[in-house]
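Order of appearance sets the numbers: ligands from 1, and atoms from 1 within every ligand.
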Amino acid sequence: MRTGIDRISFYTTRYCLDLKDLAAARGADWKKYSVGIGQEIMGIPPPDEDIVTMAASAAKPIIDEVGVDDIDLVLFATESSIDQSKSAGLFVHGLLNLPSRCRVVELKQACYSGTIALRMAAMMVAASPSSKALVICSDIARYTLGSPGEPTQGCGAVAMLVTTSPALLSLDPEYGVHAEDVMDFWRPNYREEAFVDGKYSTRIYLNSATESWKQYTALTGRTLSDFARCCYHIPFTNMASKAHDRLLKDSGVIEDRKAIIEAQVGESLSYNRITGNTYTASLYEGLACLFDTTQEPLDDKRLGFFSYGSGSVGEFFSGVVTPGYRSSLYSARHKHLLESRIAVDIQQYEDIFNLSIPSDGWDYSFTEYQTGSFRLAGMQAHKRIYEMVR
Ligand code: CAA
């Protein structure tokens with residue numbers, strides 16, 4: 001039975017910081033950001049947006065189009081969790097009026113959990129073919145101010161509808177996985193910013209890609225030339241290019257690697273370059289970007305995917321694009337979203353960064369910024385209060 005992605009919707013916040021301004025403020029060469037790591041702009045979450053509002057705003061176009069009736073599973077993938085107990089997905093369940101017989105769970109394994117959510121959702125709908133599942137990946141990437149990770153920060157969410165008649169992509173059953181217990185990137189419960197051993201994390205990412213790919217290619221006999229395009233987890237865009245370069249080298253490709261990387265990976269990177277890292281969402285933001293921006297029709301073409309979550313789990317998998325997929329995309333909405341953002345300056349960025357959710361149990365109302373369809377209105381007795389904006 002075919003299972004896979006029927007709809008994919010991306011959301012990022014209405015505010016952003018030009019990394020030229022960050023480079024000037026940190027005394028860094030702008031080219032280090034734009035050329036060295038491959039980032040130009042980062043998304044900024046205003047105080048009344050969080051992983052819940054971004055997730056609900058990402059999912060809303062899908063719900064508006066297909067309704068809620070057959071959705072009986074929400075898997076919420078994040079590493080920016082807002083509660084140790086309640087799933088962020090339940091707030092989304094409420095905001096989107098999902099049916100009471102819809103299961104809701106939050107999943108965590110750094111940036112990888114969106115991928116296991118997709119795989120689990122596919123298995124659940126295969127067991128009950130008339131049902132649909134919503135996989136939502138939503139994250140805010142935060143590093144310490146002034147740290148090497150700072151220019152890779154970002155925010156965003158991707159919602160995917162998973163069905164047994166997927167209008168966009170059917171998942172192949174095969175995969176290669178590499179898991180190992182390492183400390184390349186982590187965020188203890190008492191911290192709002194991640195710790196990262198930056199250079200080490202890039203080596204672990206590349207090794208994970210190599211090992212996952214080795215398994216996948218041994219299992220399927222497929223080579224990299226069997227993929228029309230490849231999408232990667234994108235902590236910063238050059239990481240995806242480096243990973244593809246590594247797999248090409250592993251496969252014995254010596255000549256023209258730069259051109260091959262541009263042809264196979266380049267089109268999936270432009271959204272991430274201007275949103276920054278969206279952790280769990282970044283691989284699927286890359287897929288949405290590829291679908292939205294490629295000139296070449298991808299109907300019936302096979303795509304390769306590498307998902308990576310620090311700590312670490314990596315997975316190489318693949319899928320085949322459904323003929324006629326273009327009529328089921330939200331490309332115009334994504335374009336408008338990215339083109340209509342408001343630039344903040346360094347002072348505004350740092351002020352927003354330094355705000356944190358009050359923890360004293362008093363009632364608070366949050367200043368209204370521009371948001372998507374939902375906002376975090378305030379806090380009452382340690383409870384987050386959300387509201388619909390339009
Ligand atoms: N012009 C052009 N390029 C320049 C330059 C300039 N003026 N100055 C520097 N560069 C290049 C460097 O040569 C280097 O290129 P290579 O990687 O090809 O060697 C690149 O810019 C980065 O510069 P540095 O080597 O000086 O590295 P840095 O100190 O800025 O740190 C980083 C880079 C480690 C990636 C840092 O941004 C970081 O810690 N990021 C967060 C961690 C991360 O994203 N890790 C990725 C793997 S883990 C993962 O994927 C999970 C996740 O989502 C976090």
Side-chain angles (χ1 to χ4, degrees), residues 19-20 22-40 42-43 51 77-80 108-115 137-158 178-187 191-212 231-246 249 257-258 261 265 268-269 271-273 275-286 305-316:
L19 293 188
K20 279 195 191 102
L22 185 68
R26 302 292 178 251
D29 183 346
W30 150 245
K31 288 223 166 96
K32 174 170 177 179
Y33 299 164
S34 60
V35 179
I37 60 173
Q39 295 302 119
E40 289 178 16
M42 69 189 190
I51 54 163
T78 188
E79 56 179 306
S80 324
K108 179 175 66 185
Q109 179 15 63
C111 308
Y112 169 72
S113 60
T115 297
C137 307
S138 184
D139 268 306
I140 295 172
R142 273 175 75 91
Y143 298 93
T144 311
L145 293 181
S147 69
E150 186 182 25
T152 71
Q153 293 177 125
C155 57
V158 168
H178 181 73
E180 59 180 323
D181 178 6
V182 288
M183 294 301 278
D184 59 331
F185 168 104
W186 67 105
R187 183 168 70 83
R191 291 263 307 185
E192 283 191 38
E193 291 82 42
F195 287 113
V196 60
D197 191 341
K199 296 277 165 57
Y200 178 59
S201 73
T202 62
R203 289 198 300 275
I204 295 284
Y205 177 120
L206 292 176
N207 183 55
S208 187
T210 291
E211 294 301 323
S212 305
C231 296
Y232 286 83
H233 167 57
I234 313 172
F236 51 93
T237 62
N238 283 5
M239 188 75 238
S241 305
K242 279 173 193 280
H244 202 59
D245 192 45
R246 170 65 72 88
K249 270 193 231 161
R257 289 206 307 274
K258 215 169 164 199
I261 294 166
V265 181
S268 65
L269 304 179
Y271 287 0
N272 189 281
R273 194 185 297 280
T275 64
N277 194 352
T278 54
Y279 288 163
T280 51
S282 82
L283 170 62
Y284 302 101
E285 177 184 344
F305 299 90
F306 176 64
S307 176
Y308 176 76
S310 288
S312 71
V313 179
E315 177 168 337
F316 194 98

Identify the protein heavy atom lying closest to [atom], giving its residue, its atom name and the separation to 0.1 Å.
{"atom": "atom 53 (O) of ligand 1", "answer": "His233 NE2, 2.8 Å"}
{"atom": "atom 2 (C) of ligand 1", "answer": "Lys31 O, 3.6 Å"}
{"atom": "atom 22 (C) of ligand 1", "answer": "Ile37 CG2, 3.9 Å"}
{"atom": "atom 42 (C) of ligand 1", "answer": "Val196 CG2, 3.4 Å"}
{"atom": "atom 21 (O) of ligand 1", "answer": "Gly36 CA, 3.1 Å"}
{"atom": "atom 7 (N) of ligand 1", "answer": "Asp29 OD2, 2.9 Å"}
{"atom": "atom 44 (O) of ligand 1", "answer": "Pro235 CB, 3.4 Å"}

Distance-only polar pair, side chains of Ser310 and Tyr205, donor-acceptor under 3.5 Å: no
Between Thr278 and Asp139, do the side chains contain a donor N or O and an acceptor N or O under 3.5 Å apart? no
Any donor-acceptor N/O pair, [X] side chain to [Y] backbone, under 3.5 Å:
{"X": "Glu150", "Y": "Gly146", "answer": "yes"}
{"X": "Gln153", "Y": "Tyr143", "answer": "yes"}
{"X": "Glu40", "Y": "Arg273", "answer": "no"}
{"X": "Thr78", "Y": "Ser138", "answer": "yes"}
{"X": "Ser80", "Y": "Ile140", "answer": "yes"}

May I ask you to list the atoms of ligand 1 that are less than 4.0 angstrom from any heavy atom of [X]?
{"X": "Phe236", "answer": "35 (C), 44 (O), 46 (C)"}
{"X": "Asn277", "answer": "52 (C), 53 (O), 54 (C)"}
{"X": "Ser310", "answer": "48 (S), 49 (C), 51 (C)"}
{"X": "Gly198", "answer": "34 (C), 39 (O)"}
{"X": "Tyr143", "answer": "41 (C), 54 (C)"}
{"X": "Phe185", "answer": "54 (C)"}
{"X": "Cys111", "answer": "52 (C), 53 (O)"}
{"X": "Tyr205", "answer": "50 (O)"}

Please determine if [X] has a nitrogen or oxygen closer than 3.5 Å to a nitrogen or oxygen of ligand 1.
{"X": "Tyr308", "value": "no"}
{"X": "Lys32", "value": "yes"}
{"X": "Lys242", "value": "yes"}
{"X": "Pro148", "value": "yes"}
{"X": "Lys199", "value": "yes"}

### Query
Can you find a protein heavy atom closer to atom 32 (C) of ligand 1 than 4.0 Å?
no
(Q) My question is simple, although I want it checked carefully: is atom 39 (O) of ligand 1 less than 4.0 angstrom from any protein heavy atom? (A) yes
Mind listing the side-chain donor-acceptor pairs of residues 233-243 below 3.5 Å, one per line with the distance, residues two or more places apart or on another chain?
residue : atom : partner : partner atom : Å
His233  : ND1  : Ser282  : OG           : 2.8
Thr237  : OG1  : Gly38   : O            : 2.5
Asn238  : ND2  : Val35   : O            : 2.7
Asn238  : ND2  : Gly36   : O            : 2.8

On a heavy-atom basis, the closest approach of Glu193 and Arg142 is OE2-NH2, 2.5 Å
Find out whether [X] and [Y] are in side-chain contact, i.e. whether some heavy atom of one side chain is under 4.5 Å from a heavy atom of the other.
{"X": "Met183", "Y": "Asp197", "value": "no"}
{"X": "Asn277", "Y": "Met42", "value": "no"}
{"X": "Arg187", "Y": "Glu79", "value": "no"}
{"X": "Phe195", "Y": "Thr144", "value": "no"}
{"X": "Val182", "Y": "Tyr200", "value": "yes"}

Going by the 4.0 angstrom heavy-atom rule, the piece of Ser201 near ligand 1 is both
